[in-house]
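Note that this is a predicted model, so its numbers are computed, not measured. Throughout, numbering of the chain's residues begins at 1 and tracks the sequence.
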Amino acid sequence: MSTQNDRLPMPMVPDWPGRKAGDAGHDRIAALIVLDIQNAPQWARRVLGEVEDVMSGASSGWEMVMNAHILTVGKTCCEIAASHDGPEEGACEDSISVQTGDLKAALVAWIAKMDRDA
């Protein structure tokens, strides 16, 4: 039986210009895209718009609790943390700092990939 996801080829690990495999921050960005953005172009564009507003100074910051992560966007640096505890009390993943420009590049590349695959 085929599902909608079977018909939408998406890479398991998002890629973008400048991505460093094995880099903890870049791995967290990839996880945020796979688990929170998924194959949702409108959602990806909304998050990208918020990131661009913060980077440009139109907004002082933005925070969103998503499916698996909490994203806190700053002008030059973002924090990505798990949005829930693990199976044991207090087993929450540490927050990881990433460059806002890296997050933006990943979102732009992911949106372009979704548009090509549409």
Tell me the closest heavy-atom pair linking [X] and [Y], and the distance in Å.
X	Y	value
Leu71	Cys78	CD1-CB, 4.2 Å
Ala44	Ile37	CB-CG2, 3.5 Å
Ala82	Ile70	O-CD1, 3.9 Å
Lys104	Leu48	CG-CD1, 3.7 Å
Val34	Pro14	CG2-CD, 3.6 Å
Asp15	Ala109	O-CB, 3.6 Å

Do Glu79 and Ser95 touch side chain to side chain, with heavy atoms closer than 4.5 Å?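 Yes. Closest side-chain heavy atoms under 4.5 Å.
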Q | Test item: Asn39 and Met114 side chains (from C-beta on) under 4.5 Å apart, heavy atoms | A |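 The answer is yes; the side chains approach within 4.5 Å.
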Applying side chain to side chain donor-acceptor pair (under 3.5 Å), name anything that partners Arg46, two or more places apart in sequence or on another chain.
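With neighbours one apart ignored, the set is empty.
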- Item | Nearest-0.5 Å distance that lies between atom CH2 in Trp43 and atom CG in Leu107 |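 That separation rounds to 10.5 Å.
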- Just how far is it from atom CD1 of Ile96 to atom CD1 of Ile29, taken to the nearest 0.5 Å?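 Going from CD1 on Ile96 over to CD1 on Ile29, the span is 10.0 Å.
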Before giving the answer on side chain to side chain contact (heavy atoms under 4.5 Å, CB included), spell out for Leu103 and Leu32 the whole-Å C-alpha distance, their side-chain angles and the decisive distance to 0.1 Å.
CA-CA 10 Å; Leu103 176 60; Leu32 178 126; 4.3 Å; yes
Residues 54-67 side chain polar contacts: donor-acceptor under 3.5 Å, at least two apart:
residue: Ser56; atom: OG; partner: Glu52; partner atom: O; Å: 3.2
residue: Ser56; atom: OG; partner: Asp53; partner atom: O; Å: 3.1
residue: Ser56; atom: OG; partner: Ala58; partner atom: N; Å: 3.3
residue: Ser59; atom: OG; partner: Gly61; partner atom: N; Å: 3.4
residue: Ser59; atom: OG; partner: Gly61; partner atom: O; Å: 3.0
residue: Glu63; atom: OE2; partner: Thr72; partner atom: OG1; Å: 2.7
residue: Asn67; atom: ND2; partner: Leu35; partner atom: O; Å: 3.3

Charged N to carboxylate O below 4.0 Å: is that the case for Asp102 and Arg28?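 Not counted as a salt bridge, because no side-chain N and carboxylate O are separated by less than 4.0 Å.
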ring-ring contact (aromatic ring centres under 6.0 Å, His included) contacts in which one or both residues fall within residues 20-42, not counting sequence neighbours:
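Sorted pair list: Trp16-His26.
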Set of residues satisfying salt bridge (Lys or Arg N to Asp or Glu O under 4.0 Å) with respect to Asp23, sequence neighbours excluded: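 For Asp23 there are no salt bridge (Lys or Arg N to Asp or Glu O under 4.0 Å) partners, ignoring immediate neighbours.
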